[in-house]
**Student:** 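Please read through the structure below; I'll follow up with questions.
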Number of protein chains: 2
Amino acid sequence: MPDDRTTRAVIRDEALRLFAAQGPEAVTIRQIATAAGVSPGLVVHHFRSKDNLRQEVDQYVLTVFEGLLSELTGDGTVSFEDAGAATGSLGEIFLQHLPVGSPLPGYLRMLLLSDTDAGRGLFRRLYAVSRETLDALADAGAASRGKDPQVRAALLLVNDLSVFLLRDQLTAVLGIDPLSAAGLARLGPELLSIYAGGLNADAPAPEIPPEAPEAPEAPETAPEEAPGQASHQAPEAAQAPEAVGGQA
Amino acid sequence: MPDDRTTRAVIRDEALRLFAAQGPEAVTIRQIATAAGVSPGLVVHHFRSKDNLRQEVDQYVLTVFEGLLSELTGDGTVSFEDAGAATGSLGEIFLQHLPVGSPLPGYLRMLLLSDTDAGRGLFRRLYAVSRETLDALADAGAASRGKDPQVRAALLLVNDLSVFLLRDQLTAVLGIDPLSAAGLARLGPELLSIYAGGLNADAPAPEIPPEAPEAPEAPETAPEEAPGQASHQAPEAAQAPEAVGGQA
DNA sequence: CAGCAGACTAAACAACTGTTTAGCCCGCTG
DNA sequence: CAGCGGGCTAAACAGTTGTTTAGTCTGCTG
């Protein structure tokens, strides 16, 4: 059995993948149909229109995101289950719960830039989570709310999101995908270092209690001027079709 | 004389404005023609094709950007000409040298997200500037290069750019345009605070020599849940047509 | 004044878009 | 076995796209 999904689900998944990569307006029904191996008429037979298909994919993705976000806002303690640096960043959550090559990071990017109610609602939701997280950190004595807590939470959020929005650009100049395991391992400590002591401090943290005062494994090597063939992205190759996320 | 620009320049400026707002693919030649008050045929008469028009606008914008960037990489000292917090952020440069409502910030956003050689080249250029700036700050003893200078410069850059990319979303949740004078006055100090001492420090800076240890004017007021009619954006009103930038 | 080049328009063109229509095929229920 | 509803396709439809064509007008040069 090569594929146990219904044809309808295949169409939805292919639309999701294409929407994430190129934006919904740039994707035609015929492209979706070809990617799903069906006729264009069948796409509108299952979904009433392209716009309705888009809304359905949006809703599906938002449901998955809400499940991922419960990881951050779930109980209150951040849960130190597995090792590694638990920044609580969105990138780490995506990496831990989504298969490699998942189109969901791209869909997140597209939604945030889309000028739609879905995108605005998602950003408001993320901002609320960011504020809650900052409050929790402040209550735990791990951070200060700053002079302007709303602005501070917003800055922390958009800094987190910028990795999603500029993923390809960062991959090009750093030679490493910032949303890969290796990328997060390299980016995370540096970001933590800034958050811990600002731009002047070098030590990971001045007063964090336990463990890991050592540099992980980011050498001073410079892959900078070699943008050639870094991590591939598989724009239209026949990749794992069920790479969406374990939910629903 | 209501407009001393040539018709060709009017077309280019309207194309620039529309491209920045909606992205080139979403803008039709007929929209550009209508905005410029000419016929569609004249657009392709002056510029050979839509794609060529786009390239020409790209080149024009990149030239203006290069002029703005010389502000950062010009001599070496950051030049404390006028007062205020000189973060050296791109937002401040844009605000100082561009008229309000300029489409150039939107064009910057579009270019960075566009998956084109122009966008990739611009990001590489900005990354180079970011590295130079970090090096200069480190040489001046104002910042540390961190354990991974390349990553640190990249993080500082994308954090700066995120305000451009998520400008509308930030305006919605904060109730203030982060690229306006008031927005920068509110965002800048908070960002400086993080860069100065990390997330734990409240004081503006532990060892910066002179001036301004006081909170500017950001009260604890919460315009948070009132997204209604904040700063307007003038999507298609007849605004100042020559609002592009003093150059070329 | 002839004419000629360039700004400019109106109309048509082929290609593509989302969507509709008509109909085929197949497994089910009666 | 009649028929019937849903998955599915091929073809056509109307609208929009970038572009081309033919032609008008205007100002300048010989």
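None of these values were measured; they are calculated from a predicted model. Note on naming: letters A, B, ... go to the chains in the order of the sequence lines (proteins, then strands), and numbering restarts at 1 for each one.
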**Student:** Output yes when a side-chain donor or acceptor of A/Tyr107 lies under 3.5 Å from a complementary backbone atom of A/Ala21, and no otherwise.
**Tutor:** no
**Student:** Holding to salt bridge (Lys or Arg N to Asp or Glu O under 4.0 Å), I want the full list of residues that pass it with A/Arg109, two or more places apart in sequence or in another chain.
**Tutor:** none
**Student:** If we ignore hydrogens and angles and just use 3.5 Å, is the side chain of A/Thr133 paired with the main-chain N or O of A/Val129 as donor and acceptor?
**Tutor:** yes
**Student:** Apply salt bridge (Lys or Arg N to Asp or Glu O under 4.0 Å) to B/Arg120 and list each qualifying residue two or more places apart in sequence or on a separate chain.
**Tutor:** B/Asp115, B/Asp117
**Student:** Between which nucleotides of DNA chain C, read 5' to 3', does contact with chain B run, using atoms under 4.0 Å from its heavy atoms?
**Tutor:** C/dA7 to C/dA12
**Student:** Is the phosphate of D/dC8 approached by A/His45 (side-chain N or O, under 4.0 Å from OP1 or OP2)?
**Tutor:** no
**Student:** Could you run down the sub-3.5 Å N/O contacts of the protein with nucleotides 13-19 of chain D?
**Tutor:**
{"from": "D/dG18", "atom 1": "OP1", "to": "B/Lys50", "atom 2": "NZ", "distance (Å)": "3.0"}
{"from": "D/dG18", "atom 1": "OP2", "to": "B/Ile29", "atom 2": "N", "distance (Å)": "3.0"}
{"from": "D/dG18", "atom 1": "N7", "to": "B/Arg30", "atom 2": "NH1", "distance (Å)": "2.9"}
{"from": "D/dG18", "atom 1": "O6", "to": "B/Arg30", "atom 2": "NH2", "distance (Å)": "3.0"}
{"from": "D/dT19", "atom 1": "OP2", "to": "B/Lys50", "atom 2": "N", "distance (Å)": "2.8"}

**Student:** B/Phe65: what forms a ring pair (Phe, Tyr, Trp, His ring centres under 6.0 Å) with it, not counting sequence neighbours?
**Tutor:** B/Phe94
**Student:** What's the spacing between A/Asp177 CG and A/Leu95 CG if we round to 0.5 Å?
**Tutor:** 9.5 Å
**Student:** For residues 36-51 of chain A, which side-chain donor-acceptor pairs fall under 3.5 Å, sequence neighbours excluded?
**Tutor:**
{"from": "A/Ser39", "atom 1": "OG", "to": "A/Leu42", "atom 2": "N", "distance (Å)": "3.4"}
{"from": "A/Ser49", "atom 1": "OG", "to": "A/Asn52", "atom 2": "N", "distance (Å)": "3.1"}
{"from": "A/Lys50", "atom 1": "NZ", "to": "A/Pro24", "atom 2": "O", "distance (Å)": "3.1"}
{"from": "A/Lys50", "atom 1": "NZ", "to": "A/Val27", "atom 2": "O", "distance (Å)": "2.6"}

**Student:** If you look at every heavy atom in B/Ala153 and B/Ser130, which pair is closest and at what distance?
**Tutor:** O-OG, 2.8 Å
